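Input: a single structure, listed below in structure tokens.
Since this is a predicted model, take the numbers as computed values, not measurements.
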Amino acid sequence: MMAPKAVLVGPPGAGKSTIGRRLAQALDLPLFDTDVAVEEEAGRTIAEIFVQEGEPAFRALEEEIVRKAIESHEGIVSLGGGSILSERTRELLKGHTVIYLEISVAEGLKRTGTNTARPLLAGGDPRQKYTELMRKRRPLYRQVASIRIRTDGRSPARVVQQLVAKLAE
């Protein structure tokens, strides 16, 4: 069975897509972004799936796509920020190289801003929503991570450089 070289997890704004793309390039590996795959599979944006079918329907589809990616993709897999909420997904990640891109609430808010494409941060007080999201998810990110790296105030190039070195250890 094939397995990914590394799986990226982290909250919205941590840089999973950007770092994922650059890390895959640096290692000459393909990138599988589960958020992109969910949208392709559904033929709609994640925000539209949330509005039309609700979070549980989105999570079920996401869980299935994550499972297929972890079982069959050989490169870098970038998971959606909330995918670690699934116990099944956390189980699947055991034994894999999981990189947790850590970010502070302040930096996360600065990077996500008032991005309406992120349904869980839309409406209400973004700081409160992001803080609550991190309160729930941070322990789960830490639980699944085999490598933790801070992305606050670091260029993607620098983060990728450090990850390439760590993955070579």
Just so I know, are the side chains of L79 and V7 near enough to count as touching, which here means a heavy-atom distance under 4.5 Å?
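A side-chain contact under 4.5 Å exists here.
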Quick one: closest heavy-atom pair of [X] and [Y], and the distance?
X	Y	value
Y100	A145	CB-CB, 3.5 Å
G81	K16	N-CE, 3.7 Å
G13	I103	O-CD1, 3.3 Å
S104	Y130	O-CE2, 4.4 Å
V144	V98	O-CB, 3.2 Å
R137	P12	NH1-CD, 4.0 Å

side-chain contact (heavy atoms from CB on, under 4.5 Å) assessment of H73 paired with K68
CA-CA 8 Å; H73 190 77; K68 286 182 192 160; over 6 Å; no
Identify whether the distance between the nearest side-chain nitrogen and carboxylate oxygen of E53 and R44 falls below 4.0 Å.
yes
E107 with K110: basic N within carboxylate O range, under 4.0 Å:
yes
Determine, stepwise, if the pair R138 / V105 fulfils side-chain contact (heavy atoms from CB on, under 4.5 Å).
CA-CA 11 Å; R138 189 178 285 122; V105 169; 4.3 Å; yes
From [X] atom [atom1] to [Y] atom [atom2], the distance as rounded to the nearest 0.5 Å:
X	Y	atom1	atom2	value
T89	E62	OG1	CD	7.0 Å
Q128	L133	CD	CG	11.5 Å
R59	S83	CZ	OG	7.5 Å
K5	D28	NZ	CG	12.5 Å

Same apolar cluster (I L V M F W Y, side chains within < 4.5 Å links), [X]/[Y]:
X	Y	value
L23	L29	yes
L61	I46	yes
L92	L8	no
L31	L101	yes
L93	I147	no

Of I76, I149, V9, the residue whose pairing with I99 passes side-chain contact (heavy atoms from CB on, under 4.5 Å):
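Between I99 and the candidates, side-chain contact (heavy atoms from CB on, under 4.5 Å) is satisfied uniquely by I149.
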Audit row: V66, I70, side-chain contact (heavy atoms from CB on, under 4.5 Å) steps and yes/no:
CA-CA 6 Å; V66 167; I70 289 171; 3.6 Å; yes
Could you walk me through whether S78 and T34 pass side-chain contact (heavy atoms from CB on, under 4.5 Å), step by step?
CA-CA 6 Å; S78 172; T34 60; over 6 Å; no
Check residues 155-169 and write down every donor-acceptor pair under 3.5 Å in which the side-chain atom is one partner and the other belongs to a residue at least two apart or another chain.
unit_1 : atom_1 : unit_2 : atom_2 : d
S155   : OG     : R158   : N      : 3.1
Q162   : OE1    : R154   : NH1    : 3.4

Going by salt bridge (charged side-chain N to carboxylate O under 4.0 Å, His left out), name the residues that satisfy it together with R67, two or more places apart in sequence or in a different chain.
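R67 satisfies salt bridge (charged side-chain N to carboxylate O under 4.0 Å, His left out) with E64, E71 once adjacent residues are dropped.
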Which pairs, with at least one residue in residues 86-97 and sequence neighbours excluded, count as a salt bridge (charged side-chain N to carboxylate O under 4.0 Å, His left out)?
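Qualifying pairs: E63-R88, E91-K94.
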Distance-only, no hydrogens or angles: does the E132 side chain make a donor-acceptor pair with backbone N or O of K129 under 3.5 Å?
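Not confirmed, E132 side chain does not pair with K129 backbone.
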